Every structure is written in structure tokens, then in C-alpha cells.
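Single-structure report; data block below.
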Amino acid sequence: MKYDFAAIEKKWQARWEEEKPYAAVTGLDKPKFYGLIEFPYPSGAGLHVGHPRPFTAMDIITRKKRMDGCNVIFPIGYDAFGLPTENYAIKNHIHPAKVTHDNIANFTRQLKMLGYGFDWDRCVNTSDPNYYKWTQWIFLQMYKRGLAYKATMSVNWCTSCKVVLANEEVVEGVCERCGAPVIRKEKSQWMLAITKYAQRLIDDLDDVDYIERVKIQQRNWIGRSTGAQVTFKTTVGDDLVVFTTRPDTLFGATYMVLAPEHPYVKKWKENLTNWDEVAAYVEQAGRKSDFERGELNKEKSGVRLNGVMAINPVNGKEIPIFIADYVLITYGTGAIMAVPAHDERDWDFAKMFNLPIVEVVKGGNVQEEAFTLKDDTGIMVNSGFLDGMTVKQAIPAMINWLAEQKIGEQKVNYKLRDWVFSRQRYWGEPIPMINCEKCGWVPVPEDQLPLVLPNVESYEPTDDGESPLAKMTDWVNTTCPCCGGPAKRETDTMPNWAGSSWYWLRYMDPHNDKAFCSPEAEQYWGPVDWYNGGMEHTTLHLLYSRFWHKFLYDIGAVHTKEPYAKRTSHGMILGQNPYYIGNFSTEEEKQAMIEKHGSLALRSSVKMSKSLGNVVNPDDVVQSYGADTMRLYIMFIGDFEKTATWSDDAVKGSKRFLDRVWNLMDRAEDNFSISEKNEVSINKTIKKVGSDIDNLKMNTAIAALMTLVNEFYDKGLTKGDLEQLLMLLSPFAPHMVEEMWELEGFAAKHGKMAMQMSWPQYDETKTVDAVKEMAVQINGKLRSSIRVSADAEDESVVAIACTDEKIKRYMEGMEIVKTIVVKGRLVNLILKPKK
RNA sequence: GCCGGUGUGAUGGAAUGGUAGACGUGACGGACUCAAAAUCCGUUCCUGGCAACAGGGUGUGGGUUCGAGUCCCACCACUGGCACCA
């Protein structure tokens, strides 16, 4: 009988749909396990091969957890609001809701095709009013507690999407999504005060089991630095406050710099004798995109503010003030004290403007380059009461002095900015706020939630930066919930990160219309035990959702500080580079390609893209080889955490393996007990596969299963042996296993599906061969190998080694100085010539 | 510039400091077949040798160790993140 994967997969998917073996039941008296994958954005292109990697891995983990006796919740949903859908809708004149609906239908078909054990009854959709009602509700709770606020400030503006971006969405000065330049623009925006949680977001990383690089990246992004805040007096009366991590160098501060956007610049207009020049520079800096500002990295520019001087508080000296765009308005106080002797940027600037460079830490040649070491190499000089101290001693000494003088104090600063939460777009959650002329901003009363997104004809972004909703006057004009007077609705919508900032909680209780999640469900299922997702979300979704969860914890809505107990991350799946130098079987083909493209690529793998024609569609793979092969291959492709390159050829290996398993049915002896000859191999494999799954090493788990199957071919097997194999293979290739399980009579024997069996137990004593092959080394070099019983004493192992023919030869004229025995592995004899 | 990661056969990749290359592709040989595919059985790191065997081998150069792909130091290459963050 042939392995007819298409029929088998269809049959079992229908049965699972009917019997719901993956349903998660809240409150069961079993250990719970919450496995989570990042829910997909339902794009028009459908599932790509990047999705099945994390999905299949977590599917395998949760299937094993079920077999381990856990009450498993493994949910799925759709992160359905977002720009690509809206842009597609605009281009094709189809309503985004319709586009989303169709895309979700396609995604659902594909996910079911791959046989994932999702609890489909818990499926959520962030663009469903029953879902975003609670997204809006959480926003209102934040507003009530002062964490959501409206502020006019300089924000990132994507010139192509015509939308405001969060800092996290700007990559190298361009829009993360479309690649267009990002400029700074003054806008009034809703903000979320994530910075109030900065310290806790760092501290609580210590209590969670995240892979280290995720923790490091989050810490770096939050960017905590400790220093001091210092107040400088100026000749026009206003005090200038700066942040510095090097208060020890205060005696070396020879000038000051303000960001061009600093409010004092305008305030001092009347005092400035070169206002025209200053105004021109400010104007020019504002026009530059972040990218351009960054590009000119090395070239410092700036203008002196003539007519105003600052006074260095430690020595009373008057020092000049500049504006320069190397000082950022968004960090610290938007102003710095410049210490050219000990800061590279200040040094560059001082050289350019011929400003004095005063050495205050000895150890370098500050006329040649800035001396920036912060350790104990340098000793303070030219610094009054700090002279003779090391930098480490001088920092606290200076902070103490500043505190005594009441002109400074210790201060912690973060790179993390508050989260810009408004988007001038249609396809997002409406922000449930109303602006009343008399009462100001008033929240939409909670009993009026959800505030449903109105159905509009046209959702083009406007050129003036207003949301498309602004044109909907019927919807915009409303009455103030507070005073009943005329008022206007907020027309901006939430960013696409809003819905995903709490979705794992909704899965716990998805149909609740009284609360976002019942306390019972949350206490039973929370926190997520294992969350796998992409590294690209480390400083976006992962950070945002931790912030929301902590807020919900603070208002008593959830019972854990952190949403996810464990976080792992998968590597990307790359496509084969069609222009790779090694991709050609004949020299002619290669020459033809070189002629066509000039040269060939040196890298064999690149991101999949339509233009390169190397995109792999899961539909095609399933069509040709079946879902079980697809699942197996995507797990076998390599180390889960590393990038991997898709290979059409290698897929065949996985299919071949499944064929070989299938054909074992013809070879199995009609005996339901485990055979003696395979007992050790089976026990070893149970141990290996189990621990490999728990450690996300699916590739080696599969290799172990392959090894076992090869041994079955070599030595023969019983039905009892096959039964064990099927249970181990069940999480990987569930369709084929169930079919074989039924055909071989195991289903009838146990009265349940293979996936419902208990995970096989191994006997430690039976995981080792009775007779072991041990390596024999002489002076650390491999010389021979011996066969000894597994429990042999060290002395007898050495004795046996010495009787080995090859070893005897090496021992002639030598004596043993030392022996090292590693149990079951090797024996090393250290020899030296006899005297 | 700062913070990570990686470097192993033709190839994807395995190896708690303990026999480097498991497992899979590909290639080669054999069986089956009129033939091919599929399947099954072998071989496949390099050099020398008919062979037994000997020597070499995990980016480069050092070091620690009885023993290093693995640990330490320096360097090279690729790669991910951040980047004028005071």
C-alpha cells in the first residue's frame, strides 16, 4: 500500500475538526501549559515559508506537552489592523474589512492544511469590534491613570505613508515599512508613558527565561545611563540644565551646546546679535531628515549664540553657547556641557570652532584626540578639589558637591522615549476620546465601547496629515459626555501594535463580553509558559506588550508582573540565490548567466523575494509532498535559532524518511511487544527525542528518529517497536502517524489516537549498550578501540586496553605514568620512555 | 564606533572539554528492471599505500589541558542590532 498523503491528511483534518482534540478547557485539574506563537498579520500574499518554522516548532512542543499529561492551550488569531491592508484597499478599491476577511479565510485554510493543533474556537481578530472594544478599554484605563496623554511635540513623520511613526518604527532614518525618508514634524499626538516603566522593564528581565540576546537587545534599547543633572547660570538670567554621565569633567567644560529645537533659542531671540544666522541654522536642521542628520555623522556643524554666555558653576568662568544638530532635543534635556578633552564629539566640534580644550583627566594627549577612558587609568587634574582623585572617585565627589550647592543631583536617563500612539490612518482602532471646547479631552464612557470604526467611502491619507476620519463630519461631530455641549471626536487611530499588546490574554477567555478576560481564566492560564517569535519584534511588540501587561498588573487586572515566562526566537528562512556562483550544473549555463548579469553572487542565500523568483509557497510544498513532509523538513532544516536556506532537494529527504516509516508496516513482525534487539535503541531514542523537543532541538530529534528507522531496516522490528516509534513521531507528522496507528490496530488496542497517548517512558538502565566501544588514546592521540562491558571498573578497562595488540606495540620500551578513564567513552594512557 | 552572533566535508548541518563530520542532500558503485523512476544494499574529509596502516584536518596565530571544534588571548572574514544618546 502506498503512502497517499493527500487522502490521509484530508481524512484526519476532517476528523480533528469534528472531534476537537485540541480544545483547551479552562480549570481542568492538570498542569496547564500555555504555548504561544506570534499571531500572523493576514497579508494578501498568504502564508510564506517563514511562518511554519515557529508554528510547527510550537505545535510539536504543545503536542508533546499534551502527551506529557498537560492541559494545553495553543491558540491562534489574526493581527488584522494595519497599513498594508489599507494601502491594498486604496489601490484596488476594496474595503479593508473585506480585504481582511478574505485574507483571514485564506490564512485559516493554509494553517489547517498544515495540521496545527490550534484551538480554533479561541481564534481572535484584532479588527473585530468585540475584540477592539477591550483594546480601547485598556487605553482608557491608561488615560485615567495619566499614562495616556496628548502632547505637541516633534515626531517622526513618514513622507510616503503620511503617518506618524514610533521611534521603534524608524530604521536608519527611514520608515521601517516603506523605506521612505522620515522627517521630524511638530504634531499633537496621543502618547503612552512607557518611560515610566523603563526601570521595571529592565529589572524584571532578571525574572524571566528569555534567550540572552533578547534581554541584551531590550536593555540596550531602553538604554539606561547614570550621571548627573547640572544647572548652569547664564548671562540672561535663564538657567540651563544639562545631563552628563561625566560630572567629574565639569572643570573641563569650555562651552555648551543646545539642540536647534531647544526652546531657549527662540526665547533668546532679542538677546542674540546674530539672530538671522541662528534662525537659518535652525530652519535648515529642521528640514533635514533623521537620515541626513545621521549621514553627516562625522561632519560637525553649528552656530554660536552671540550675546549669551553660560557660567561654569565650578570655576565661575563664562563660556560660549552654541546650537548644533549633534545635540538631540529628544534625549536628556536637549542641552549639553561640552568637554572637548574627554568626549570625541565635543573634541571634533571644538577643533572645528577653535575652542579651548582643557585637560582634566591625565592619561592621554588631549590636543591629539579626546581621552575618554572612564576607568581608573586617569587621574584628575586642573580640577580644584577633585585633583588627584581617580575618575571613579571624582564622580561621586562632584555629585556630592553639586548637591551641597543645590545646583545638581544624581540622575538616571533612558534612551527609551514615550510611545507615540496616534496614526493618521483609517484601518485601526479609533481612539475613544472626545475633545470639548469647555471640558477639554473627555474619554468616551466605557459603556459606549466599542467605539466602532465608521464605514467610509474613501480612506486615502490626506496631504495635510489629518486622519481620513476627519472628513467624516457626521462621526466627528458629537456631544461632550461631560457637559452635553458640542464636541469633536479624536480622528486618529491606534498604531498596529495596539491589538497585539494584550492578545494572549484574550485567548484565555475570547468570548467574554463583560471583561477582556475573566480573573478565573487569567489566573488559570497565565502567564504564557513559552512564547516564540521573531527577533525583529524584540524592541517593538515584545517591549510594548510587556509594558501593557505591567500596567494591567498595576491595576489588578492580571496576577503576574510579566506576560511571558519564557521567550525563544527562530531564525529566518532564506531563499536560494538564483545568481549564486555554485548554482550551475554546466559551465555553459554559468557563462550565460555571467553574460546576462555581469557577474555572479558570492552569497548562496538571500531573502526570498518575488523579483528573484525564489519565494517558496507552502501550498505548493504541501501539494507535492504533503503537510507532514513540510512540517518535518522545516524542522530538520537546521538549528532553529539560526538562519536557514530553503532547499527543494533536501525536502525530498524528509519525504523519503516518511515513506520509509510507512513501509515499515510491511516489515514489522506480528508481535505487540518491544523486541529485545531494539530495546536499547528505542530507549535511547525516547530519551533523546523527548529532551530535544523540550530544548527546541527539533533537527537532532528528527535525526535520532531517522537513526532508529535505519536500525529497524537493518535489524528488523516488531509491531511493538513500531508502536513506540509512532508515538515519538506523532508530534512531527501527526497525519501519517494516526493513519498508521489505525491500520496497525493500535487505535483499537488503546481506544485512542496516538496523539492522546502518554509520551513513552524510557528506562535509564536500558539506554546504554551492555558492551561499549571505548577509544584508547596514548598521550592524547587516538590509537585503538576496545570493547568492554558498560559497567567495567576503571582498572579493568586499563588492563584490557593494555592487552590490545596495537596498544602493546606503542607500549614497548615505555612505562605508564598516568591513566585517565572517561566512563563508557575512552581511556587515555600517558606513557614515557623507561629509564 | 558600541553591543551581540557565526566561521566544521561538494552541500544543509551534528558533536555535556573526551573516538570530529551523527542525520540529511548530492555523487559513485551494486541489486531489482527490457529500461528508467521508485525501492533496497554499500562507498563517500584530505594525503600516501594493493592493504594492514601512517600522517594531516573544525577561519588564522598563540595559550591552558593527559586531551580543544568546544575554554582563554590576539587577529581575519561574514552577519544581526544600535548608532552624534552627552
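In what follows, every chain begins at residue 1, and chains take the letters A, B, ... in the order their sequences are listed. Model, not experiment: these values are computed from the prediction. Only this structure's heavy atoms are used, side chains among them; waters, hydrogens and symmetry mates stay out.
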Specify the separation, in whole Å, of atom CD of A:E641 and atom C1' of B:rG81.
-> 16 Å
Describe the nucleic acid contact of A:E773 in one word from base, sugar-phosphate, nothing, applying a heavy-atom distance below 4.0 Å.
-> base
Ignoring backbone atoms, establish whether A:K806 has a side-chain N or O less than 4.0 Å from OP1 or OP2 of B:rC53.
-> yes
Is A:Y3 touching bases, backbone alone, or none of the nucleic acid, heavy atoms closer than 4.0 Å?
-> nothing
Rounding to a whole Å, what distance do you find between A:N779:CG and B:rC66:P?
-> 11 Å
Note: contacts of residues 694-705 of chain A with RNA chain B (heavy atom, under 4.0 Å) are A:N699, A:T700, A:A703
Please tabulate the protein-to-nucleotide N/O contacts below 3.5 Å involving nucleotides 38-49 of chain B, giving atom names and distances.
residue: B:rC40; atom: OP1; partner: A:R660; partner atom: NH1; Å: 2.8

Gap between atoms CD and P, on A:Q218 and B:rG80 respectively (whole Å) | 21 Å
Nearest to side-chain heavy atoms of A:T244, which nucleotide of B:rU19, B:rG24, B:rA86 = B:rA86
To the side chain of A:F636, which of B:rC23, B:rG26, B:rG18 is closest?
-> B:rC23
Considering only B:rU16, B:rA83, B:rC53, which nucleotide approaches the side chain of A:R825 most closely?
-> B:rU16
Quickly work out the A:I830 CD1 to B:rG67 P distance and round it to whole Å.
-> 7 Å
Taken to the nearest whole Å, CG/A:L240 to C1'/B:rA86 is 13 Å
Partners meeting side-chain contact (heavy atoms from CB on, under 4.5 Å) with A:V680 (sequence neighbours left out) = A:K684, A:D769
Residues two or more places apart in sequence or in another chain: which of them pass side-chain contact (heavy atoms from CB on, under 4.5 Å) with A:T330?
-> A:R184, A:L328, A:R417
Under the side-chain contact (heavy atoms from CB on, under 4.5 Å) test, which residues partner A:D648, sequence neighbours left out?
-> A:W646
Where each residue is assigned the nucleotide of RNA chain B containing its nearest heavy atom, which of A:A775 and A:I336 is assigned the position nearer the 5′ end?
-> A:A775
Go through the steps for A:R219 and A:D206 under the test salt bridge (charged side-chain N to carboxylate O under 4.0 Å, His left out), then give the verdict.
-> CA-CA 11 Å; A:R219 283 196 196 103; A:D206 293 341; 3.5 Å; yes
Looking at every strand, decide which applies to A:I216 at a 4.0 Å heavy-atom threshold: base, sugar-phosphate, or nothing.
-> sugar-phosphate
Has the side chain of A:K415 got a donor or acceptor that lies under 3.5 Å from a partner of the other kind on the base of B:rC82?
-> no
Is it true that atom NZ of A:K715 has more than 12 heavy atoms of other residues, nucleotides or ligands lying nearer than 6.0 Å?
-> yes
Rounded off to whole Å, could you give me the NZ-to-C1' distance for the A:K688 and B:rA22 pair?
-> 9 Å
From the candidates B:rU19, B:rG81, B:rC84, the one with an atom nearest any side-chain atom of A:L782 is B:rU19
Assign B:rG9 to syn or anti; the rule is syn for a glycosidic angle within 90° of 0 and anti otherwise.
-> syn
Interatomic distance where NZ belongs to A:K642 and P belongs to B:rA14 [whole Å] | 5 Å
Please give, in whole Å, the distance from B:rG12 C1' to A:R53 CZ?
-> 11 Å
Testing B:rA14, B:rC3, B:rA86 for proximity to the side chain of A:D639, the answer is B:rA14
Base, sugar-phosphate, or nothing for A:N220, non-hydrogen atoms under 4.0 angstrom?
-> sugar-phosphate
How does RNA chain B read in dot-bracket, base by base from 5' to 3', with Watson-Crick or G-U pairs under 3.5 Å and | used when the partner is on another strand?
-> (((((((..(((.....[....)))((((((.......))))))((((....))))..(((((..]....))))))))))))....
Quick one: which of B:rG26, B:rA86, B:rU19 gets closest to the side chain of A:D649?
-> B:rG26
